[in-house]
Student: 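Before I ask anything, let me first share the structure, which is written out below as structure tokens.
Every chain is numbered from 1 and lettered A, B, ... according to where its sequence line falls, protein lines coming before strand lines. Hydrogens, waters and symmetry mates play no part in the numbers below; they use all other heavy atoms, side chains included.
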Number of protein chains: 4
Amino acid sequence: MAALFRGSRNVLLRWNKHVDLALVSKRSMASKTPVGFIGLGNMGSPMAKNLLKNGYPIIATDVFPESCKELHDIGAQVVDSPAEVAEKADRIITMLPSSPNVIEVYTGPNGILKKVKKGTLLIDSSTIDPAVSKEMAVAAEKMGAVFMDAPVSGGVGAASLAKLTFMVGGVEEEYNAAQELLTCMGANVVYCGQVGTGQAAKICNNMLLAIGMIGTAETMNLGIRLGLDPKLLAKILNMSSGRCWSSDTYNPVPGVMEGVPSANNYQGGFGTTLMAKDLGLAQNTATNTKTPIPLGSLAHQIFRVMCSRGYANKDFSSVFQFLREEEGQ
Amino acid sequence: MAALFRGSRNVLLRWNKHVDLALVSKRSMASKTPVGFIGLGNMGSPMAKNLLKNGYPIIATDVFPESCKELHDIGAQVVDSPAEVAEKADRIITMLPSSPNVIEVYTGPNGILKKVKKGTLLIDSSTIDPAVSKEMAVAAEKMGAVFMDAPVSGGVGAASLAKLTFMVGGVEEEYNAAQELLTCMGANVVYCGQVGTGQAAKICNNMLLAIGMIGTAETMNLGIRLGLDPKLLAKILNMSSGRCWSSDTYNPVPGVMEGVPSANNYQGGFGTTLMAKDLGLAQNTATNTKTPIPLGSLAHQIFRVMCSRGYANKDFSSVFQFLREEEGQ
Amino acid sequence: MAALFRGSRNVLLRWNKHVDLALVSKRSMASKTPVGFIGLGNMGSPMAKNLLKNGYPIIATDVFPESCKELHDIGAQVVDSPAEVAEKADRIITMLPSSPNVIEVYTGPNGILKKVKKGTLLIDSSTIDPAVSKEMAVAAEKMGAVFMDAPVSGGVGAASLAKLTFMVGGVEEEYNAAQELLTCMGANVVYCGQVGTGQAAKICNNMLLAIGMIGTAETMNLGIRLGLDPKLLAKILNMSSGRCWSSDTYNPVPGVMEGVPSANNYQGGFGTTLMAKDLGLAQNTATNTKTPIPLGSLAHQIFRVMCSRGYANKDFSSVFQFLREEEGQ
Amino acid sequence: MAALFRGSRNVLLRWNKHVDLALVSKRSMASKTPVGFIGLGNMGSPMAKNLLKNGYPIIATDVFPESCKELHDIGAQVVDSPAEVAEKADRIITMLPSSPNVIEVYTGPNGILKKVKKGTLLIDSSTIDPAVSKEMAVAAEKMGAVFMDAPVSGGVGAASLAKLTFMVGGVEEEYNAAQELLTCMGANVVYCGQVGTGQAAKICNNMLLAIGMIGTAETMNLGIRLGLDPKLLAKILNMSSGRCWSSDTYNPVPGVMEGVPSANNYQGGFGTTLMAKDLGLAQNTATNTKTPIPLGSLAHQIFRVMCSRGYANKDFSSVFQFLREEEGQ
């Protein structure tokens with residue numbers, strides 16, 4: 001895939017002119033030296049464990065000290081702040097809920113950049129606005145460090161089983177160094193281009209996923225009301241041009257597939273609030289780049305209304321239930 | 001697939017109580033007797049030829065006599081009206097542009113039902129409102145005939161190569177008789193349920209297709225503006241949950257795939273007006289059944305506006321071009 | 001207003017060439033002869049009473065005989081069928097729930113047109129698809145009668161107080177005759193043009209009303225969440241370019257205005273199902289005329305979803321409640 | 001209107017606890033001392049002139065020195081940077097194109113806050129994200145200054161004639177001081193509440209305006225296609241519940257009204273790009289506050305597409321033209 005980006009390499013090098021490549025290369029060969037990990041929530045905790053399992057000493061911290069306990073018990077060193085992590089590790093992974101947390105952890109009073117060493121590799125696996133990723137990269141570069149965005153797809157289960165997909169944006173020269181760590185936590189690692197493109201890829205995928213899911217829900221509902229058997233309709237769509245991941249892998253209609261949230265009262269899976277958050281990021285990037293996204297935007301609004309109407313914590317495929325005529329009406 | 005419908009068989013039989021099953025079964029075994037064909041346009045003409053090739057004598061008619069010439073030259077008998085076709089054939093296929101044409105051909109002053117013989121099998125492959133299919137079925141039943149809807153997916157090329165997909169609605173007992181003829185013209189024949197469900201399946205598929213296409217166009221456009229390479233973005237989507245037919249088989253972005261309309265200035269393929277027509281049918285059935293279809297409805301409006309803005313005859317994937325910022329703006 | 005239509009008069013006369021104008025003019029001067037009234041529901045009953053009050057003998061019928069009792073007690077003659085009404089009156093008003101009822105009452109086996117006298121004036125005040133109005137006009141014309149559509153705006157209260165607004169479509173020469181009766185039941189009677197334009201005007205108004213109401217609800221909700229006082233925001237909108245009937249006369253936010261449904265838990269007013277029905281008519285006419293209505297269509301979908309989510313019988317301004325974040329979320 | 005906010009005064013005082021009220025009151029009584037003005041574009045220039053006409057000495061600056069020439073010629077003192085303005089004036093008005101400009105002018109290296117005097121009153125009349133207004137207010141407060149947002153409605157003409165409307169957000173105690181200056185430039189000055197609510201009011205109004213305009217365009221187009229005369233339809237809407245500013249004051253259909261952009265090929269007026277910009281702000285604030293705005297969001301997307309399709313510089317009422325079927329299609 002590297003060939004795809006050969007044309008843009010010069011741009012990247014120019015952009016990145018302050019990075020001390022001598023320092024960088026020294027660090028990136030130094031495997032099995034400590035890795036910093038900041039953000040030990042539902043996703044971060046199993047990710048950090050997988051690094052430990054692969055033999056990397058971990059220096060961890062979290063705003064909630066109790067989140068660190070489990071990791072501490074299996075051998076991680078727990079410290080008090082991102083700044084302290086930065087003093088002790090020259091490769092750091094962050095996994096945080098949203099843009100403001102990332103800004104705080106990197107540039108806040110006890111943030112990473114207060115103590116970061118030259119040549120440190122900073123990998124942010126949070127899902128945030130790509131514009132914030134770019135800001136962090138600029139700020140890191142000023143300190144002689146390298147920032148990459150590497151958001152994930154896959155949930156808590158995939159995190160535990162090291163089956164995540166990472167979409168990585170940042171300087172291509174650093175991609176191998178990032179990959180070394182990310183492959184301990186994921187099954188697929190994809191290089192997407194300059195800083196922010198990892199976020200862009202994730203946001204784009206989830207926007208199309210949201211559109212496909214609502215579209216599938218509408219279509220299945222319409223077909224059922226027109227007298228079609230839901231399983232048969234799904235089968236027809238899946239052999240035709242209506243086919244999509246939401247129709248063939250994650251069908252939102254109860255009874256059509258097993259092992260998906262629609263078969264379990266929409267429990268588990270990917271919550272409507274999380275989808276609404278990702279669509280909010282898509283909306284912001286679209287608005288800020290003046291890109292029209294009529295269906296993406298309407299999908300955003302629909303999930304927003306669902307959050308207000310009691311579907312916040314159900315899997316996002318519950319949009320089928322939201323749209324369907326209630327019994328007895 | 002029959003098992004899927006076992007539960008509804010009694011309903012169908014009751015609904016169909018006036019059909020003279022003795023007559024029906026006599027006819028449906030009489031292979032290679034003449035087949036009527038009404039509507040010899042771009043689609044109907046190659047379909048009728050394929051029946052001829054399979055050894056069925058053809059009795060044909062069309063409102064435009066010149067449309068019949070080619071078929072006449074290769075051996076079809078051409079007559080003056082649908083009524084005359086009905087006098088001479090007890091299996092008739094119709095392939096017409098829209099609901100009013102179907103109503104005219106079946107129930108007009110020179111229509112099929114004026115002369116239809118008891119037990120005749122009527123198969124309508126037009127794409128029309130399923131409510132009209134149901135009306136035609138009721139009217140046919142009053143004359144002792146059987147009406148089935150069997151719209152196709154696949155274009156002129158598939159019609160020539162006998163590679164169409166037929167979605168069939170109607171009395172299950174008649175499905176085998178219909179299948180005998182339809183397999184001469186298509187690669188897939190799917191039984192969908194009672195009359196109108198063939199139309200329903202087609203409409204549903206095309207609605208989801210339209211949503212997936214606009215969604216893919218928006219997503220690709222957004223990703224490109226965020227700095228992603230289009231081929232790479234398509235690759236990421238296609239290995240992820242954003243995957244759909246429009247992203248992996250018919251990508252709307254020039255340069256991403258070969259052999260699709262986007263690689264050929266959106267020529268050929270499935271015209272925007274045709275998609276708008278099918279979405280109009282989806283919209284009407286949704287409105288009449290009080291089914292909410294927010295994305296389907298917005299997709300309809302977008303293709304309508306495109307028709308007014310010069311995209312009527314381009315492939316429907318040109319929505320990418322419609323949404324994209326023009327050069328120099 | 002007649003001047004507005006002078007240009008189109010010739011067209012109307014040509015279109016209407018079969019009407020026997022001699023008969024027509026005889027009838028329309030014969031005031032205070034019996035008037036037929038078909039459809040004595042919530043709206044029809046007070047309308048018929050107002051005709052009685054104005055001295056017109058009433059010949060009435062309804063599918064539910066009990067609906068006729070009250071009118072019978074105050075002097076109306078009740079008969080068994082629309083056909084019988086047509087035998088006894090040469091001016092007939094119909095007020096029915098939807099298109100199929102209108103088709104049945106006019107063209108059914110006991111319908112008006114079975115017994116209608118030449119020159120009879122038929123006024124339909126139902127809200128239906130303008131295409132059905134046109135069909136009825138053609139059918140009436142074949143019998144030598146004249147059909148006009150005259151849907152109303154205003155609810156049960158306005159019907160009782162003879163304060164309805166009538167939007168009238170039909171032959172301009174007949175407008176005065178229609179007006180004579182309609183002014184007994186309404187405060188405003190507006191001539192809109194050829195048959196069907198009364199329906200068109202009503203549908204258009206209600207579509208824009210629906211868009212304005214949802215827009216006002218979204219805007220008020222957004223402003224409140226941004227820290228604005230609702231009354232102040234309404235005041236600012238109403239002195240600015242955001243002003244609309246829904247913001248200045250029927251504000252959907254509780255506490256902003258008195259005497260509107262939002263001040264009374266959204267009881268009374270214009271039910272969400274009725275608005276959804278009218279938007280369905282707008283959608284159908286737009287689809288059938290290939291007119292893009294992106295906001296009208298989305299408004300339709302929103303009210304459809306509301307009907308499924310428990311808002312069917314609340315006033316349509318409850319869309320504010322539907323969109324608003326619930327307490328504690 | 002002050003009474004409306006009595007309840008929130010304590011909150012405001014607490015929030016504003018660091019402002020030195022003694023200094024503040026001294027300054028705000030000192031009329032006719034110099035006023036700073038930053039941003040002398042199409043709007044800012046006539047606004048500054050009106051302050052000069054009212055006897056206020058002006059200290060002005062702009063990134064484009066040539067913009068200052070006209071004002072210099074009629075007596076304003078022109079300086080090199082916002083910081084220099086802040087050294088010489090304790091009341092400063094800013095009128096800038098967008099959020100980044102505001103951030104730069106206030107907090108940049110040569111920004112106002114580098115040299116601002118304690119007690120200075122800062123009034124920003126730019127239309128920007130209310131979240132940025134709040135940030136600026138916090139930054140100003142740290143320096144002992146007071147920041148208010150006061151975006152305008154009305155265009156260049158209203159600016160020249162001192163007929164603008166100002167929507168003002170900020171500490172209520174400072175409102176009188178702001179009003180003293182704003183009334184020199186506008187006909188209406190409305191106090192909206194705490195900092196950011198001026199922006200919120202403007203954004204809300206323009207969002208509802210955009211919805212009303214597209215709704216009016218769709219409705220008029222549908223009515224015309226259904227056979228209604230446009231002037232008559234506008235008249236009916238304007239006496240009914242469909243009435244809105246776009247239908248009765250700024251009708252988008254050529255021939256319905258005089259003196260509006262639709263009567264002049266959509267030249268002049270409020271450009272589609274400007275409306276798209278304001279809807280982008282509405283979209284961002286809605287996304288960031290998790291407020292569903294389905295119609296507002298779709299309106300945003302429609303104006304975005306229009307910008308890409310050649311309507312960028314036409315008045316936003318040209319959406320009628322965008323939606324209408326072209327001749328000959």
Side-chain angles (χ1 to χ4, degrees), chain A residues 1 4-5 130 153 165 167 188 190 192-194 196-197 200-201 203-209 211-212 214-216 218-219 221-223 225-229 231-233 236-237 239-247 249-250 282 285-286 289-296 298-299 302 323 325, chain B residues 1 4-5 130 153 165 167 188 190 192-194 196-197 200-201 203-209 211-212 214-216 218-219 221-223 225-229 231-233 236-237 239-247 249-250 282 285-286 289-296 298-299 302 323 325:
Chain A
M1 205 174 308
L4 279 174
F5 296 94
S153 79
T165 293
M167 287 155 276
N188 292 295
V190 185
C192 297
Q194 59 182 22
T197 54
I203 285 172
C204 283
N205 182 72
N206 282 15
M207 184 172 90
L208 189 49
L209 167 60
I211 293 168
I214 301 178
T216 301
E218 291 179 14
T219 300
N221 190 29
L222 178 61
R225 290 173 76 99
L226 292 174
L228 285 160
D229 174 84
K231 274 192 174 176
L232 175 62
L233 176 54
I236 293 171
L237 296 174
M239 60 187 254
S240 309
S241 49
R243 165 178 60 77
C244 63
W245 186 87
S246 296
S247 70
T249 303
Y250 206 87
T285 60
T289 58
K290 302 184 180 176
T291 310
I293 51 163
L295 297 194
L298 182 51
I302 291 170
L323 292 175
E325 187 82 3
Chain B
M1 206 174 307
L4 278 174
F5 296 93
S153 79
T165 294
M167 287 154 276
N188 293 296
V190 185
C192 297
Q194 60 183 20
T197 54
I203 286 171
C204 283
N205 181 71
N206 282 15
M207 184 173 90
L208 189 48
L209 167 60
I211 293 169
I214 302 178
T216 301
E218 291 178 13
T219 300
N221 190 29
L222 178 61
R225 289 173 76 99
L226 293 175
L228 285 161
D229 174 85
K231 275 193 173 175
L232 174 63
L233 176 54
I236 292 171
L237 295 173
M239 60 187 256
S240 309
S241 49
R243 164 178 61 78
C244 62
W245 185 87
S246 296
S247 70
T249 302
Y250 206 87
T285 60
T289 59
K290 302 185 181 176
T291 310
I293 50 162
L295 297 193
L298 182 51
I302 290 169
L323 292 175
E325 186 83 3

Student: Can you check whether A:Cys204 reaches B:Leu233 side chain to side chain, under 4.5 Å on heavy atoms?
Tutor: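 A side-chain contact under 4.5 Å exists here.
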
Student: For each of B:Pro130, B:Ala200, B:Gly296, tally heavy-atom pairs with chain A at distances under 4.5 Å, and name the one with the top tally.
Tutor: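 Top option by heavy-atom pairs under 4.5 Å: B:Ala200.
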
Student: If you look at every heavy atom in B:Gly215 and A:Ile211, which pair is closest and at what distance?
Tutor: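 B:Gly215 and A:Ile211 have their closest heavy atoms at CA-CD1, 3.8 Å.
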
Student: Can you tell me which portion of A:Ser153 sits under 4.5 Å from chain B's heavy atoms? Options are side chain, backbone, both or neither.
Tutor: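 The answer is neither part of A:Ser153.
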
Student: Is the shortest heavy-atom distance from the side chain of B:Val190 to the side chain of A:Leu232 under 4.5 Å?
Tutor: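 Of all side-chain heavy-atom pairs linking A:Leu232 with B:Val190, at least one is under 4.5 Å.
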
Student: Working to the nearest 0.5 Å, report the span between OG1 of B:Thr291 and CG of A:Leu226.
Tutor: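 Answer for the OG1-CG pair, B:Thr291 versus A:Leu226, is 6.5 Å.
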
Student: Please confirm whether the backbone N or O of B:Gly227 pairs with a side-chain atom of A:Gln194, one donor and one acceptor, at under 3.5 Å?
Tutor: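 Pair absent, no side-chain N/O of A:Gln194 close to backbone of B:Gly227.
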
Student: Given that the side chain runs from C-beta out, which part of B:Leu323 has a heavy atom under 4.5 Å from chain A: side chain, backbone, both or neither?
Tutor: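 B:Leu323 touches chain A through backbone and side-chain heavy atoms alike.
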
Student: Which heavy atom of A:Ala299 sits nearest to which heavy atom of B:Leu295, and what is that distance?
Tutor: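 Closest pair (atom of A:Ala299, atom of B:Leu295, distance): N-CD2, 4.3 Å.
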
Student: Please find the pair of heavy atoms, one from B:Thr289 and one from A:Arg225, that lie closest to each other, and give the distance.
Tutor: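 Closest approach of B:Thr289 to A:Arg225: O-NH2, 2.6 Å.
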
Student: In Å, rounded to the nearest 0.5 Å, how long is the span from CG of B:Leu222 to CE of A:Met207?
Tutor: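 Rounded to the nearest 0.5 Å, the CG-CE separation comes to 5.0 Å.
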
Student: Looking only at heavy atoms and a cut-off of under 4.5 Å, which of B:Ala201, B:Gly223, B:Gly212, B:Ala282 has the most pairs with chain A?
Tutor: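 Winner by heavy-atom pair count: B:Ala201.
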
Student: Among B:Ser246, B:Ser241, B:Ser247, B:Cys244, which residue forms the greatest number of heavy-atom pairs with chain A at distances under 4.5 Å?
Tutor: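 Between B:Ser246, B:Ser241, B:Ser247, B:Cys244, the count favours B:Ser241.
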
Student: Would you give the length of the straight line joining atom CG of B:Leu209 to atom CG of A:Leu237, rounded to the nearest 0.5 angstrom?
Tutor: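 Here the interatomic distance stands at 10.5 Å.
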
Student: Does any part of the side chain of B:Cys192, heavy atoms only, come nearer than 4.5 Å to the side chain of A:Ile236, both counted from C-beta?
Tutor: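 The answer is yes; the side chains approach within 4.5 Å.
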
Student: Looking only at non-hydrogen atoms, find the nearest pair between A:Thr249 and B:Arg243 and report the distance.
Tutor: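 Looking at all heavy atoms of both residues, the closest pair is OG1-NH2, 3.2 Å.
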
Student: Testing the basics here: between B:Thr216 and A:Leu208, what is the closest heavy-atom pair and its distance to 0.1 Å?
Tutor: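 That closest heavy-atom pairing would be N-CD1, 3.5 Å.
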
Student: Could you check which of A:Thr285, A:Ile302, A:Asn206 has the highest count of heavy-atom pairs closer than 4.5 Å to chain B?
Tutor: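 Ranked by contacts with chain B, first place is A:Thr285.
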
Student: What closest approach, in Å, do A:Gly242 and B:Asn205 show between heavy atoms, and which atom pair accounts for it?
Tutor: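 What the structure gives for the nearest pair is N-OD1, 2.8 Å.
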
Student: Side chain, backbone, both or neither: which part of B:Thr219 has a non-hydrogen atom closer than 4.5 Å to chain A?
Tutor: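 It is both, since atoms from each part get that close.
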
